[in-house]
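Note sheet for the following structure.
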Amino acid sequence: MPDDLAETYRSTYRALVRFLYRKVWDAERAEDLAQEAFARALVHKPENPRGWLFIVAANMARDEARRAARERRHLTLLTAESQDSAPPIDDALHAESERAQVRAALEQLTPRDREVLLLWDSGLSYDEIAAQTGLARGAVGTTLARARRRLVEAHEAGEKGEHVARG
């Protein structure tokens with residue numbers, strides 16, 4: 001592994017896994033996708049490895065989501081748990097419920113807002129976010145502020161059982 005990529009691995013791996021986790025909601029799969037992104041970086045030797053890794057990882061997660069959606073459409077039997085179940089009785093159930101509410105709130109955001117918010121949360125700079133999303137650098141802060149506001153609104157509405165339309 002070239003020295004600069006090794007340093008990028010040490011400084012970026014955890015942020016990349018965290019970013020991917022919020023895309024695929026599976027810790028092991030997020031780690032696998034991060035490793036695959038680094039393996040591809042070894043082959044392609046990008047000039048800006050950190051930004052390149054997040055772009056490639058986002059594309060891999062998007063491809064995986066599409067594949068999963070196709071697989072779900074082919075299922076003939078669906079099972080659903082009732083939303084009217086008793087409130088969680090222990091911390092683990094409460095934490096999982098909260099994670100589900102956050103996931104649902106994130107899913108209410110537009111793809112652009114969600115992407116910018118997750119990239120920022122993963123530690124990317126405004127310049128790196130702008131490069132990955134195609135936004136002007138000056139628009140990143142505005143988009144982040146809007147995404148945060150909409151995430152809070154969607155989360156609060158989810159707690160009340162309401163739905164907030166994407167803006």
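Keep in mind the model is a prediction, meaning the values are calculated, not measured. All heavy atoms count here, side chains included; hydrogens, waters and symmetry mates do not.
You'll find the side chain of Glu128 stays beyond 4.5 Å of the side chain of Phe54, heavy atoms only. Two residues are said to be in side-chain contact when any heavy atoms from C-beta on lie closer than 4.5 Å; Tyr21 and Glu28 fail this criterion. By the 4.5 Å heavy-atom criterion applied to side chains, Arg18 and Arg22 are counted as neighbours. At least one side-chain heavy atom of His155 sits under 4.5 Å from a side-chain heavy atom of Gln101. Counting heavy atoms from C-beta outward, Phe38 and Leu42 have side chains that stay 4.5 Å or more apart. Annotation: side chain of Leu117 is in contact with side chain of Leu106 (closest heavy-atom distance under 4.5 Å).
The main-chain N or O of Thr133 is found under 3.5 Å from a side-chain atom of Arg112 such that the two form a donor-acceptor pair.
For Arg137, the salt bridge (Lys or Arg N to Asp or Glu O under 4.0 Å) partners at least two apart in sequence or on another chain are Asp127.
Of all heavy-atom pairs between Leu20 and Ala34, the closest is CD1-N, 3.4 Å. Heavy atoms only, all atoms of each residue included: Ala15 and Ser122 are closest at CB-O, 2.9 Å. When every heavy atom of Ala41 is checked against every heavy atom of Leu53, the shortest pair comes out as CB-CD2, 3.9 Å. The two residues Leu109 and Ala147 make their nearest non-hydrogen contact at CD2-O, 3.9 Å. For the pair Ala57 and Ala37, the tightest heavy-atom approach, listed with the atom from each and the gap, is CB-CB, 4.4 Å.
The pair Arg114-Glu107 does not count as a salt bridge, with every side-chain nitrogen at least 4.0 angstrom from each carboxylate oxygen. With respect to Glu7 and Arg10, a salt bridge is recorded, a charged nitrogen being found less than 4.0 Å from a carboxylate O.
Applying the 6.0 Å contact sphere to CZ of Arg149 captures more than 12 heavy atoms from other residues, nucleotides or ligands. Under a cut-off of 6.0 angstrom, the local environment of CH2 in Trp52 is crowded, with over 12 non-hydrogen atoms contributed by other residues, nucleotides or ligands.
For Arg148 and Trp120, the positive end sits near the middle of the six-membered ring, less than 6.0 Å away and at most 45° from its axis.
Between Glu47 atom CD and Asp4 atom CG the span is 11.0 Å, to the nearest 0.5 Å. Atom-to-atom distance recorded for Lys23:NZ and Arg62:CZ is 6.0 Å, nearest 0.5 angstrom. To the nearest 0.5 Å, atoms CG (Leu33) and CZ (Phe19) are separated by 10.5 Å. Considering OG1 of Thr110 and CZ of Arg150, their distance stands at 6.0 Å, rounded to 0.5 Å. Taken to the nearest 0.5 Å, the CE atom of Met60 stands 5.0 Å off from the CZ atom of Arg40.
Looking only at atom types and distance, the side chain of Arg50 has a donor-acceptor partner in the side chain of Thr12 under 3.5 Å away. A side-chain N or O of Gln132 and one of Glu115 form a donor-acceptor pair less than 3.5 Å apart.
Screening Leu118, Leu119, Val140, Val116 for a side chain to side chain contact (heavy atoms under 4.5 Å, CB included) with Leu124, the sole residue that qualifies is Leu119.
Val17 and Ile55 sit in two unconnected hydrophobic clusters of ILVMFWY residues. Membership requires side-chain heavy atoms under 4.5 Å apart, directly or through other members.
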